[in-house]
Q: 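Structure provided below as structure tokens; questions to follow.
From a predicted model like this one, the values you see are computed outputs, not experimental measurements. We count ligands from 1, going down the list as the structure has it; atoms in each ligand are counted the same way. Residue numbers count from 1 along this sequence.
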Amino acid sequence: MTLLLSGCGLSALTGSENKAAAEIPAKGSVSGGNKMKIVVINSSPHSDDESTSKYLSARFTEGAKSAGHDVFVFDAAREETHPCSGCDRCGMDGPCVWNDAIENKLMPKMLEADLLVLATPLYYYGMSAQLKTIVDRFYSRTGKLHNKKSIIIATAYNSADWTMEALSAHYNTLVRYMEWQDVGQIWGIGCGSRSLVESSKFGDQAQKIGSNL
Ligand SMILES: Cc1cc2nc3c(=O)[nH]c(=O)nc-3n(C[C@H](O)[C@H](O)[C@H](O)COP(=O)(O)O)c2cc1C
């Protein structure tokens, strides 16, 4: 039995219904007790005080830092970014023709990171355009970004059990293609406002995943 962190409570699903449902890792099981380099990519256009996904990623960061890990946070909605132009001048092995914050600030941190955390509001049942912009720019270093660990944090207004299905399928496919190891998924349904997310269980779950890495 696997616990899926959804709704403002926990829903129990079998492994076959949700292949990589979030579980709180056993203490030290992800890092093996070593200090990890973690990159958190926020992608909400809301302010730090308003955003529900940034609230959860901040709780994760708090937990990870308390366990001694090094966390770099990139705000995709505030930095200068450009979508992949598909020119293929990188040959999927960098550098990118865009001389922007993705290339200069984020990519060097991602390349040396052990763990990437993707944080997004649910937008029309997928990730935000701000996050998709970053994901498409993986193209310039696809091979070099293989073999990372990953976590997804998503929040949504809707609380139906199918709310995160499409994003979950996309994330799991991305993990497979990038040859990542998924180590946590937080599907914050019913979290359409700051007060809702703060009164949900997801904050504690995010913090615990971070502190248990
Ligand atoms: C453009 C847009 C699209 C949205 N699409 C969805 C959606 O498909 N399903 C849903 O449940 N909520 C949707 N929402 C609500 C947000 O996912 C929700 O308010 C979330 O908590 C926002 O997170 P943030 O504060 O971190 O940006 C949408 C909001 C916006 C602005």
Side-chain angles (χ1 to χ4, degrees), residues 3-11 13 17-18 20-22 38-65 71-84 101-102 105-106 109-110 115-137 150-174 182-210:
L3 288 178
L4 173 69
L5 306 185
S6 64
C8 288
L10 298 177
S11 329
L13 294 182
E17 285 168 300
N18 192 290
I38 301 171
V39 170
V40 173
I41 304 171
N42 287 324
S43 67
S44 167
H46 287 160
S47 69
D48 289 359
D49 290 345
E50 290 169 332
S51 168
T52 60
S53 56
K54 282 196 267 188
Y55 170 76
L56 294 183
S57 77
R59 294 289 305 272
F60 165 84
T61 296
E62 209 178 313
K65 284 186 173 171
V71 185
F72 172 79
V73 180
F74 186 82
D75 188 340
R78 298 280 181 279
E79 296 281 2
E80 189 209 354
T81 66
H82 297 88
C84 174
I102 301 179
K105 286 166 84 168
L106 178 61
K109 293 288 186 184
M110 285 201 300
L115 167 64
L116 305 177
V117 180
L118 310 180
T120 184
L122 189 72
Y123 277 5
Y124 288 90
Y125 298 94
M127 64 180 65
S128 67
Q130 289 85 346
L131 181 57
K132 187 61 162 57
T133 298
I134 305 294
V135 170
D136 289 352
R137 293 279 298 277
S150 67
I151 287 175
I152 189 161
I153 296 172
T155 51
Y157 176 83
N158 195 4
S159 57
D161 60 2
W162 49 267
T163 301
M164 298 292 190
E165 271 180 15
L167 181 56
S168 171
H170 186 186
Y171 171 71
N172 286 322
T173 304
L174 189 63
D182 166 61
V183 296
Q185 302 181 18
I186 296 190
W187 301 116
I189 63 173
C191 290
S193 70
R194 190 66 177 225
S195 59
L196 285 170
V197 73
E198 286 187 16
S199 60
S200 77
K201 296 181 178 178
F202 300 118
D204 287 348
Q205 290 164 353
Q207 186 156 357
K208 189 85 179 159
I209 288 178

Q: Measuring from atom 16 (C) of ligand 1, which candidate in I153, N42, L122 has the nearest non-hydrogen atom?
A: L122
Q: Quick one: look up the protein heavy atom nearest atom 19 (O) of ligand 1 and list residue, atom name and how far away it is.
A: G192 O, 3.5 Å
Q: Report yes if the side chains of F60 and I38 come closer than 4.5 Å at any heavy-atom pair, otherwise no.
A: yes
Q: Please report which non-hydrogen protein atom sits nearest to atom 11 (O) of ligand 1, along with the residue it belongs to and the distance in Å to one decimal place.
A: N158 N, 2.7 Å
Q: State, with a plain yes or no, whether a side-chain heavy atom of F74 is found less than 4.5 Å away from one of K109.
A: no
Q: Considering distance alone, does some N or O of T52 sit under 3.5 Å from an N or O of ligand 1?
A: yes
Q: Taking side chain as C-beta onward, heavy atoms only, is M110 less than 4.5 Å from R137?
A: no
Q: Ignoring hydrogens and geometry beyond distance, is a side-chain donor-acceptor pair present between T133 and T81 at under 3.5 Å?
A: no
Q: Are any of the N/O atoms on Y157, whether in the backbone or the side chain, positioned under 3.5 angstrom from an N/O atom of ligand 1?
A: yes
Q: If we set the cut-off at 4.0 Å for heavy atoms, which region of C191 has an atom near ligand 1: side chain, backbone, both, or neither?
A: backbone
Q: With the side chain counted from C-beta on, respond yes when T52 and H46 share a heavy-atom pair under 4.5 Å apart, and no when they do not.
A: no
Q: Using distance alone, determine whether H46 and ligand 1 share an N or O pair under 3.5 Å.
A: yes
Q: Check ligand 1 against S44 and write out every atom of the ligand that is under 4.0 Å from a heavy-atom position of the residue.
A: 24 (P), 25 (O), 26 (O), 27 (O)
Q: Tell me: protein heavy atom nearest atom 2 (C) of ligand 1, and distance?
A: Y123 CD1, 3.4 Å
Q: Can you name the atoms of ligand 1, numbered from 1 with element, that are less than 4.0 Å from a heavy atom of S51?
A: 24 (P), 25 (O), 26 (O)
Q: For atom 5 (N) of ligand 1, grab the closest protein heavy atom and report residue, atom and distance to one decimal in Å.
A: Y124 N, 3.0 Å
Q: Can you confirm whether L167 sits close enough to I152 that some side-chain heavy atom of one is under 4.5 Å from a side-chain heavy atom of the other?
A: yes
Q: According to the interplanar angle, ranging from 0 to 90°, do the rings of Y125 and W162 count as parallel (below 30°), tilted (30 to 60°) or perpendicular (above 60°)?
A: tilted
Q: Are the side chains of I102 and I134 in contact, using a 4.5 Å heavy-atom criterion?
A: yes
